[in-house]
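Numbered from 1 within each chain, the chains take letters A, B, ... in sequence-line order. Worth saying up front: this structure is predicted, and the values here are computed from it rather than measured.
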2 protein chains.
Amino acid sequence: MPFSKHSAKQPARRGRPRSGGREAILAAAFELLVERGASRLTTREVATRAGVSEGSVFYHFTDRTGLLTAVIEDSLTALMEVSPSSQAQVAETLDALTSGIERFLDKALIVLIAAQSDAELRAGMAAFLLENDFGPHRGVEGIAGYLRAQQQAGLLRADIDPESVAMMLLGSLFLQVSMRQMVSEDYGGNLPGRSQVLASLMAMLTPAPQ
Amino acid sequence: MPFSKHSAKQPARRGRPRSGGREAILAAAFELLVERGASRLTTREVATRAGVSEGSVFYHFTDRTGLLTAVIEDSLTALMEVSPSSQAQVAETLDALTSGIERFLDKALIVLIAAQSDAELRAGMAAFLLENDFGPHRGVEGIAGYLRAQQQAGLLRADIDPESVAMMLLGSLFLQVSMRQMVSEDYGGNLPGRSQVLASLMAMLTPAPQ
DNA sequence: GTCTATAGGTTGATAGAC
DNA sequence: GTCTATCAACCTATAGAC
């Protein structure tokens, strides 16, 4: 698809052009989620940071929960387009594929965690994921698909289970990113990194020496 | 160590015996964390559920943050004693080891997630983990130690990297438990389960057919 | 250590002009 | 769509008696 964004697909907008207030609010809320955590996010501060009044926040999102729901669903929707399973077809190495997933997780985890602060948000997100058939199984499928292709080309051991390997690989990425984000930036140093895991895995995926 | 809990190690308590109020509050807070999420936990509701007055909560924990910090550190301290690395010496199969880790993660994730709702809690937990040299690297070490022992006994491929395999295995467990808890109970069905992953891994760990 | 009562402050949300 | 002004509710925290 050429002209990615600026394609003439959508009809010209009618009415008053968007002022960007809504987007500024969403961005500010996302920032605060990262910096302070969901419990410490107030509509007041979101408004201040977005450079709008608090009334605007409620105009656009009805209530605080509506705002957070929008942040979560917007982020996930944006991520769905760069989802691992859609990458898998183009990535030419496991290295490229997994580094893409790592970046993906970095953003997805923010909202996944934010949703955990409130049972209502959590349920809403679960429903959203279900409706859109979105979730880590897509990542597993993506990786497994790649592995299976390599396998059929005779480049990998024939007797391995692509799904299980994909689950372990995705899991190691998820654990690494989670710890960096949930504990501290440099906490990952304690754990085997992506390249080490990948190198070891590659060795295991090719036939072992007798 | 015999007589696990009821050993006579500790000197007899002096002074007024504990009434259990503190413990009831901690338990109630933990429950609410699971049911409603950290943002929706109020000191009022904690007190009600614990069957004490709100004043008691503040007497014991100074403030709301103090209460949550105590919940987090208490839970983690309890878990440190059944930490994977201490299990690794006794577990006789990867199956026993990983199912223990799964149960471990089920509890640990509750407080790990709760801490994410507030930057202050998050920082406190990070410091606590650092001080106690506690975290997933202990799990990796535990699994890797087990694998290395098996390897030296000639039961596993000699050319695999135990740390990387441990990271992947722990990662897959972490991912599975996270999704069950953060999305929905039966969400794990979409993903390869522990036994499937384990079976595939075992096949990979033993020398491949030529 | 636990209670009751209450103060104080913050916050989510609304109303109405522009 | 955005603003200002304001309210009502809630919730944390304190004081002081038992």
Checking Thr65(A) now: which residues fulfil side chain to side chain contact (heavy atoms under 4.5 Å, CB included) with it, not counting sequence neighbours?
Asp63(A), Thr69(A), Glu120(A), Leu121(A), Arg40(B)
Return yes if some donor-acceptor pair links the side-chain N/O of Gln151(B) with the main-chain N/O of Leu156(B) below 3.5 Å, else return no.
no
Give, ordered by number, those residues of residues 27-54 of chain B having at least one heavy-atom distance below 4.0 Å to an atom of DNA chain C; if nothing qualifies, reply none.
Gly51(B), Val52(B), Ser53(B)
Excluding sequence neighbours, so at least two apart, what forms side chain to side chain contact (heavy atoms under 4.5 Å, CB included) with Leu79(B)?
Val82(B), Phe104(B), Lys107(B), Ala108(B)
For Ser56(A), side chain to side chain donor-acceptor pair (under 3.5 Å) partners two or more places apart:
none
List the atom pairs, with distances to 0.1 Å, where a side-chain N or O of residues 171-181 of chain A and a protein N or O form a donor-acceptor pair under 3.5 Å, not counting sequence neighbours.
| unit_1 | atom_1 | unit_2 | atom_2 | d |
| --- | --- | --- | --- | --- |
| Ser172(A) | OG | Leu169(A) | O | 2.8 |
| Gln176(A) | NE2 | Gly188(A) | O | 3.4 |
| Ser178(A) | OG | Phe174(A) | O | 2.6 |
| Gln181(A) | OE1 | Ile110(A) | N | 3.4 |
| Gln181(A) | NE2 | Asp106(A) | O | 3.1 |
| Gln181(A) | NE2 | Asp106(A) | OD1 | 3.3 |

Side-chain polar contacts of residues 25-35 of chain A - donor-acceptor pairs under 3.5 angstrom, sequence neighbours left out - could you list them?
| unit_1 | atom_1 | unit_2 | atom_2 | d |
| --- | --- | --- | --- | --- |
| Glu31(A) | OE1 | Arg49(A) | NH1 | 2.8 |
| Glu35(A) | OE1 | Arg49(A) | NH1 | 3.3 |
| Glu35(A) | OE1 | Arg49(A) | NH2 | 3.2 |
| Glu35(A) | OE2 | Arg49(A) | NH1 | 2.9 |

So if I take residues 59-72 of chain B and measure heavy-atom distances to DNA chain D, which residues fall below 4.0 Å?
Asp63(B), Arg64(B)
Have a look at the helix from dG1(C)-dC18(D) to dC18(C)-dG1(D) and give the angle its two end axes make, five pairs each, rounded to 10 degrees.
10°
With Glu54(A), which residues qualify under salt bridge (charged side-chain N to carboxylate O under 4.0 Å, His left out), at least two apart?
Arg44(A)
Kindly write out the residues that satisfy side chain to side chain contact (heavy atoms under 4.5 Å, CB included) with Ser99(B), not counting sequence neighbours, or none if the list is empty.
Arg103(B), Arg194(B)
Counterpart residues, salt bridge (charged side-chain N to carboxylate O under 4.0 Å, His left out), relative to Arg36(A) (two or more places apart):
Glu45(A)
Rounded distance in Å - CD1 (Ile25(B)) to C1' (dC3(C)):
12 Å
With sequence neighbours left out, write down each residue that passes side chain to side chain contact (heavy atoms under 4.5 Å, CB included) with Glu141(B), or none if nothing qualifies.
His137(B), Arg138(B)
